[in-house]
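Before any comments, here is the structure.
Letters A, B, ... mirror the listed sequences (proteins, then strands); counts begin at 1. Every value quoted in this text rests on a predicted model; they were computed, and no experiment measured them.
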2 protein chains.
Amino acid sequence: MRVTINDIAKAANVSPATVSRAIADSPRISKATKKKIFKIMEEMNYYPNVIARSLARKSTNIIGILVMGTTEKAFQHPFFPEILRGVASVAYKNKYKILISSVTNMDEQREIVDDLTQSGITDGILLLSSGVKDPSITYLKEIQFPFVVVGRPDNENEVNWVDNDNISVGYKMTQHLIEMGCTEIAFLGVDRKFIVTLDRLKGYKMALQDNNIALNEDLIVEGKFVDDTGYELMKNLMEKGIVPSGVIACDDLLAFGVIKYLNEKGLKVPDDVAVAGFNNVPLSSYFTPPLTSVDINAFSLGAKGFELLMACMKSEYKSFNRAIIPTQLIIRESTLKK
Amino acid sequence: MRVTINDIAKAANVSPATVSRAIADSPRISKATKKKIFKIMEEMNYYPNVIARSLARKSTNIIGILVMGTTEKAFQHPFFPEILRGVASVAYKNKYKILISSVTNMDEQREIVDDLTQSGITDGILLLSSGVKDPSITYLKEIQFPFVVVGRPDNENEVNWVDNDNISVGYKMTQHLIEMGCTEIAFLGVDRKFIVTLDRLKGYKMALQDNNIALNEDLIVEGKFVDDTGYELMKNLMEKGIVPSGVIACDDLLAFGVIKYLNEKGLKVPDDVAVAGFNNVPLSSYFTPPLTSVDINAFSLGAKGFELLMACMKSEYKSFNRAIIPTQLIIRESTLKK
DNA sequence: CTGAAAGCGCTTACAG
DNA sequence: CTGAAAGCGCTTACAG
């Protein structure tokens with residue numbers, strides 16, 4: 001049998017209440033008593049049962065993370081583990097545990113959100129997805145359950161969220177390509193289900209405008225966001241007879257496919273076509289040529305997201321907080337035209 | 001206030017015990033009573049409190065996953081999310097939840113294992129690491145806590161584990177390179193802390209022997225397993241004046257670095273040097289040239305790992321089970337010498 | 001087929 | 001500074 005708080009109480013000649021208070025380091029217990037209790041706990045190898053504690057406290061110190069993996073590739077994207085590392089690092093320091101669920105579609109997500117919130121297992125939820133019109137967000141707001149979205153949601157003023165400034169991210173990259181002399185810049189991988197891609201596109205458009213470059217809708221290509229379909233997207237574009245001088249892909253993985261296709265067509269990157277991605281995956285620096293990208297600081301997204309969630313779980317005052325994580329444009333050979 | 005089993009009992013004019021049994025679909029409750037109870041549960045929007053249930057049942061239906069991320073890069077490796085997907089998929093079907101912890105060293109791992117096992121939060125543990133002389137394994141065996149290791153541990157006959165046959169994996173790849181005409185084959189990324197690298201090395205040696213190729217210890221290079229240090233490892237090797245005709249790297253990430261270095265030195269892959277990796281990361285097919293690798297079926301590793309763990313948590317009969325997940329050699333241009 | 005009661009292992013308002 | 005008691009919301013052996 002495992003040793004309980006009652007065993008400790010008996011051995012220490014105090015009440016279970018006193019042991020409980022000693023563990024919680026209550027100022028109402030004398031130092032001497034605490035010391036005695038801790039000694040006995042040590043000797044008897046006592047560990048508090050967190051389930052019992054959770055039931056009594058009506059709080060578990062567990063948060064749920066929902067990873068929306070629309071495709072396998074999305075889930076394999078290195079930026080998820082990075083966000084997770086960020087969350088875990090802050091959570092660990094604050095004695096929180098992390099329950100993880102990966103979901104493949106919105107319906108499944110709603111089901112899991114339902115379970116996680118109603119079963120009493122989690123104190124708060126972190127949504128790693130920023131789907132447009134996300135039903136989970138509506139629901140979580142409705143039941144007033146603490147949650148934070150990593151990724152700006154569409155109702156941004158009524159939700160706690162953390163994200164990069166993706167408009168600025170798109171702007172910076174476009175500006176960079178323009179400075180490299182590109183005028184016909186294709187923008188690949190716009191996925192209307194993901195706000196992040198729409199924001200980056202918005203930044204792209206703004207940069208063109210600021211540089212008096214006319215917008216050519218043909219250069220904007222919809223497609224999956226995080227996937228390895230860059231090859232096909234580029235192929236489709238060029239088979240329409242369009243050969244841009246620069247290509248911005250919404251994710252590095254797409255950019256790799258783009259470069260592969262260009263290589264096959266005998267076009268040189270960056271001299272014939274400059275190519276850039278976003279999210280700065282670890283391999284971008286090893287690609288041939290090394291890929292220009294934007295580091296989104298996924299670790300910080302996760303860490304900050306958890307901080308917001310903690311605030312949200314603790315505070316009795318309702319508010320909607322947001323946090324913007326800075327990004328860095330990482331210029332590599334793939335856009336450095338001679 | 002949330003609605004409890006007692007509220008349902010009152011509304012249905014039965015005892016809480018009956019409601020509890022109805023939820024558990026006990027055959028001892030009449031169909032009529034069940035129907036009445038379910039209807040009321042629905043109406044009152046009742047969800048069982050899993051914490052209370054866990055306390056009463058002394059079992060939580062939560063498993064803990066420990067990801068050993070010795071380096072950031074290791075954690076970012078696409079094969080972790082893939083394993084996780086596999087675990088999650090089977091866990092979800094069986095109504096298990098997943099608690100995830102990432103640890104950066106063995107001491108931290110022990111601490112977390114301690115917490116996870118003693119606090120009563122998890123019913124079983126999945127270790128995603130196969131460190132040599134892992135203290136957590138020793139401990140888990142000692143306290144007889146249900147656990148499974150993904151990756152063959154050194155005391156393989158006293159532990160439940162799932163893994164690929166990494167000796168065979170190393171053998172297959174080496175054999176392939178030999179068939180491509182390579183005789184001087186370098187083997188990069190042997191990390192004595194990771195059994196998987198030692199096993200692959202063993203397969204390499206066996207293949208050489210079977211083909212009557214003398215082992216040249218200079219061609220075996222120790223290094224980090226999952227990291228982007230391939231460039232340096234290859235550089236060190238060649239600066240000793242060694243130019244192999246084939247290179248096998250213990251992970252695709254290393255192989256990418258190797259190819260980058262070879263490119264810089266003006267050596268053609270595969271014609272001058274054939275290069276292969278392991279683990280078949282998503283980008284391997286997009287690399288220039290596309291990289292020969294071995295698919296380890298990470299999803300299956302995870303799924304099977306969880307199955308073993310379930311068996312281990314449920315069975316009253318002690319046994320040590322293992323599962324071997326098949327692998328596929330994926331031959332791409334990087335080793336296809338003309 | 002159903003219920004009363006004890007129990008899971010904690011916490012905490014109340015009382016002293 | 002400490003304790004007795006009630007309570008968190010379930011489950012289950014026992015009894016009928």
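One can place CD1 of A:Ile37 at 11 Å from C1' of D:dC1, the figure rounded to the nearest angstrom. In this structure, A:Asn6 places its CG atom 9 Å from C1' of C:dC10, rounding to the nearest Å. Going from atom CD1 of A:Ile8 over to atom C1' of C:dG9 covers 13 Å, rounded to whole Å. The CD1-C1' distance, from B:Ile121 to C:dC10, rounds to 14 Å in whole Å. A straight line from CG of B:Asn13 to C1' of C:dC1 spans 16 Å, rounded to a whole angstrom. Following rounding to the nearest Å, B:Leu55 (CG) and C:dC8 (C1') show an atom-to-atom distance of 4 Å. We find that CG of B:Asn49 is positioned 15 Å from C1' of C:dG9, with the value rounded to whole Å. D:dT2 atom P lies 14 Å from atom NZ of A:Lys35, rounded to whole Å.
Checked by atom type and distance alone, the side chain of A:Ser119 pairs as donor or acceptor with a backbone atom of A:Asp115 at under 3.5 Å. Here the side chain of B:Trp161 pairs no donor or acceptor atom with the backbone of B:Ala323 at under 3.5 angstrom. Judged by distance alone, the side chain of A:Lys141 and the main-chain N or O of A:Glu158 form a donor-acceptor pair under 3.5 Å. B:Asn49 places no side-chain N or O within donor-acceptor distance of the main-chain N or O of A:Gly120, the cut-off being under 3.5 Å. Listed for the A:Asn164 side chain is a donor-acceptor partner under 3.5 Å among the backbone atoms of A:Ile325. Judged purely by atom type and a 3.5 angstrom limit, A:Thr60 has no side-chain atom pairing as donor or acceptor with the backbone of A:Ser54. The main-chain N or O of A:Thr4 is found under 3.5 Å from a side-chain atom of A:Asp7 such that the two form a donor-acceptor pair. The main-chain N or O of A:Arg152 is found under 3.5 Å from a side-chain atom of A:Asp163 such that the two form a donor-acceptor pair.
Using atom C1' as the reference point in both D:dG16 and D:dT12, the two lie 16 Å apart (nearest Å).
Remark: A:Ile195 CD1 to A:Asp134 CG distance equals 9.0 Å, nearest 0.5 Å.
Within the structure, every side-chain polar atom (N or O) of A:Tyr47 is placed at least 4.0 Å from both OP1 and OP2 of C:dC10. Contact check, B:Thr4 against D:dG9: no side-chain N or O comes under 4.0 Å of OP1 or OP2. At C:dG9, one or more side-chain N or O atoms of B:Lys58 fall inside 4.0 Å of OP1 or OP2 (strictly under the cut-off). Taking only side-chain nitrogens and oxygens, B:Ser54 never comes nearer than 4.0 Å to OP1 or OP2 of D:dC10.
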Protein-proximity profile, nucleotides 11-16 of chain C, B/S/- by nucleotide at the 4.0 Å heavy-atom cutoff, equals BBBBB-

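In DNA chain D, stems built from 3 or more consecutive Watson-Crick or G-U wobble pairs, each with both distances under 3.5 Å, span C:1-3 with D:14-16, C:5-12 with D:5-12, C:14-16 with D:1-3.
Remark: aromatic rings of A:Tyr139 and A:Phe145 are distant, center separation not under 6.0 Å.
Using a 4.0 Å heavy-atom cutoff across all strands shown, A:Val50 reaches no nucleic acid atom at all. Residue contacts for B:Thr33: at a heavy-atom cut-off of 4.0 Å it reaches the sugar-phosphate backbone alone, with no base atom in range.
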